[in-house]
Amino acid sequence: MIGVMRIVLAIIAAALIIAAGAFLFAGRAAGPVVEIIQPVKVLGQAGTLDVVVRAPRGALTRLDVSLEQAGQAHPLFSLPGAEGATLAQEGPDAVRLTRALGARSVKGLKSGEARLVITAGRPVLFGLREATTQASHAMTVRLEPPRVAVLSRFHFINHGGSEMVVYRVTPTDVESGVRVGDRTYRGFPASAAGLPGADASVRVAFFALLWDQDLNTPMTVYARDDAGNQARASFDTRVFPKPFRKSRIDVPDEFLSRVVPEILAQSPEFKVDDPNDLVKSYVAINSQMRRANAETIEKQAANTAPEVLWQGPFRQLTNSSVESSFADQRTYFYKGEEIDRQVHLGFDLAVTANVPISASNRGVVAYAAYLGIYGNCVIVDHGMGVQSLYAHLSSIDVKVGDRVELGQTLGRSGMTGLAGGDHLHYTMLVNGHPVNPVDWWSAQWINDRILRKLREAGAPAEVTQSGAPSPESRAAAAAR
Ligand SMILES: [Zn+2]
């Protein structure tokens, strides 16, 4: 009898040890995985809290979310739920919590540092114990919009041409630039544009009024922070209309039989219905391929250098005569019948065959390859979104990433792509959009539109200690 008791006691003791072990082991189990998707680092007037919590089957025993600021905790969520918050199953093993998070939805929030604190727990050991995780995420509450003020004066814009603005933006880590209608031009530190010693708040942006934009298109300097706060500043502008020429282009058979097969052979990704129908294929190249090429060109602006690489005016190719100027509105005829209309966005500079084509200013080669209607094409990046394009070359002597000086040979002239004869198709680009190169070729334009504004922005008399131009200094400047 005693023997049986002993066995029973031993079994009970063993079970207790196993249960205690399981209980302790369960206590060390990992808690749910907390992933904070939003806010990232800045919180503004109106934002979103977006958190994914992973646990088996999405089962949670606890989910407490609060925003702590200066010793005060603002509760945002607690299980089973809170008004205005959504807790939804996200796949088999996760839940997603979303709610509004910003000064509008959380009373008493102030600008400054804050901390998002999340405690999540999941059941372990059949719900006898809980495994918890605490996650915390530091962020900045930013309730004041950024501040922008324009420092430059006298902005004269030729239709289809370029301009530059100098402005001040604070805080310095926000995105800023110029908006012209629906086009955006990023700003860059003025210290990298030839204004040494300019503090980080002084910026420049190169922008354009494109040939197809209305003369009354609104232009503003903008700033936008990560919290979505925005600011705008207007600046004086004067727009000069530039009537664009209209021209008639006759497309002869010998031209079609030379250019169409070449371009199709060099552009295997471009499909036409019938490559033997030269007229139809030509119209497809002239319209669809032209658009696709424009997109490729526009993409080259993304990697522009954040500093001005050029010096002084750009140089027009020597010994070249102007055959066709910027934004020429062309109507194309085949055997007397209109087949297409396009706008020619560049200058055609007639040269003889195989003459060296040189860089119009200092820069870095951004593109050097065959590009559809442009044939062998080179794009040189001059920094801050300003680039130059050289097309129809017979050969290319540079590769992407090469630093080039003004006058350095990029390749040889030719008639590859859509070219009726040996010529250089040349254009300037601002943020990937073709602009009239005439501005950039002019020493007077460079001096007045760029260097003058940098000089004036850098003049100590223009800026008071607080950083904003005083009314007296403005009046004095206007009187000069
Ligand atoms: Zn051309």
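Just follow the structure's listing: the first ligand is 1, and inside any ligand the first atom is 1.
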Side-chain ion pair, [X] and [Y], N-O less than 4.0 Å:
| X | Y | answer |
| --- | --- | --- |
| Asp173 | Arg142 | yes |
| Glu338 | Arg341 | yes |
| Lys242 | Asp439 | no |

Checklist entry - For residues Tyr390 and Asn376, is any side-chain donor paired with an opposing acceptor at under 3.5 Å? => result no
### Query
Is the distance from the Zn ion (ligand 1) to some N, O or S atom of His344 under 2.8 Å?
yes
Among the N/O/S atoms of Asp348, the Zn ion (ligand 1) lies closest to OD1
To the Zn ion (ligand 1), the closest N, O or S atom belonging to His425 is ND1
